[in-house]
**Q** 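This is the structure, below, for whatever I ask next.
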Amino acid sequence: DPAGAGAGPHHRAHRGMSALRVILVGLGARSRIWRQVIDADSRARIVGLVDSAPEARAAAARTGVTAGATLAEVAATTPADAVVLITPPA
């Protein structure tokens with residue numbers, strides 16, 4: 001592969017690399033759409049879920065994915081390549 005040739009959105013999976021590890025921050029209504037999109041793509045997988053609401057974290061923990069109250073807490077124990085911020089603007 002010449003330098004940079006073929007480096008597009010599918011390049012990672014085509015080179016036999018592992019899936020992009022993603023942490024989602026914010027587990028409200030919009031997060032369901034993001035989770036469906038990521039779960040449907042073999043090039044990415046959700047490795048962590050973050051929300052400040054205890055009930056959202058409890059539901060997230062039942063999925064078997066690392067869950068926590070802060071990004072720092074989840075990132076400290078869960079290697080990730082990307083973070084998707086799904087919180088409403090302040």
Side-chain angles (χ1 to χ4, degrees):
D1 217 54
H10 303 285
H11 183 68
R12 182 181 196 89
H14 288 220
R15 293 300 228 136
M17 295 178 75
S18 59
L20 185 74
R21 299 166 297 180
V22 179
I23 295 174
L24 298 183
V25 178
L27 302 178
R30 289 184 287 169
S31 74
R32 284 189 288 273
I33 296 167
W34 277 100
R35 289 181 76 173
Q36 290 172 353
V37 169
I38 294 168
D39 287 344
D41 192 329
S42 64
R43 297 167 295 166
R45 66 185 173 94
I46 298 169
V47 296
L49 299 166
V50 177
D51 201 284
S52 59
E55 53 280 348
R57 288 194 309 277
R62 287 192 295 271
T63 68
V65 174
T66 301
T70 68
L71 177 57
E73 176 187 345
V74 173
T77 61
T78 308
D81 303 302
V83 173
V84 178
L85 182 61
I86 317 169
T87 59

**Q** Hey, can you pull the donor-acceptor pairs under 3.5 Å for the side chains in residues 68-79, sequence neighbours left out?
**A**
{"unit_1": "T70", "atom_1": "OG1", "unit_2": "E73", "atom_2": "N", "d": "3.0"}
{"unit_1": "E73", "atom_1": "OE1", "unit_2": "A69", "atom_2": "N", "d": "3.0"}
{"unit_1": "T77", "atom_1": "OG1", "unit_2": "V74", "atom_2": "O", "d": "3.4"}
{"unit_1": "T78", "atom_1": "OG1", "unit_2": "T66", "atom_2": "OG1", "d": "3.4"}
{"unit_1": "T78", "atom_1": "OG1", "unit_2": "V74", "atom_2": "O", "d": "3.2"}

**Q** With sequence neighbours left out, what residues match D41 under salt bridge (charged side-chain N to carboxylate O under 4.0 Å, His left out)?
**A**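 So D41 forms a salt bridge (charged side-chain N to carboxylate O under 4.0 Å, His left out) with R43.
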**Q** Following the transitive rule for hydrophobic clusters with a side-chain heavy-atom cut-off under 4.5 Å over Ile, Leu, Val, Met, Phe, Trp and Tyr, establish whether V22 and V83 coincide in one cluster.
**A** no
**Q** Indicate if V50 and I38 have the same hydrophobic cluster label, given that clusters are the connected sets of ILVMFWY residues with side-chain heavy-atom separations under 4.5 angstrom.
**A**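 They do not share one cluster, since no chain of ILVMFWY contacts under 4.5 Å joins V50 to I38.
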**Q** Could you tell me which residues satisfy side chain to side chain contact (heavy atoms under 4.5 Å, CB included) with R45, sequence neighbours excluded, listed by chain and number?
**A** A19, R21, V47
**Q** For A59, what residues pass the side chain to side chain contact (heavy atoms under 4.5 Å, CB included) criterion, not counting sequence neighbours?
**A**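 Per chain and number, A59 pairs via side chain to side chain contact (heavy atoms under 4.5 Å, CB included) with R62.
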**Q** Please list every donor-acceptor pair under 3.5 Å in which a side-chain atom of residues 23-36 meets a protein atom from a residue at least two apart or in another chain.
**A**
{"unit_1": "S31", "atom_1": "OG", "unit_2": "L27", "atom_2": "O", "d": "3.4"}
{"unit_1": "S31", "atom_1": "OG", "unit_2": "G28", "atom_2": "O", "d": "2.6"}

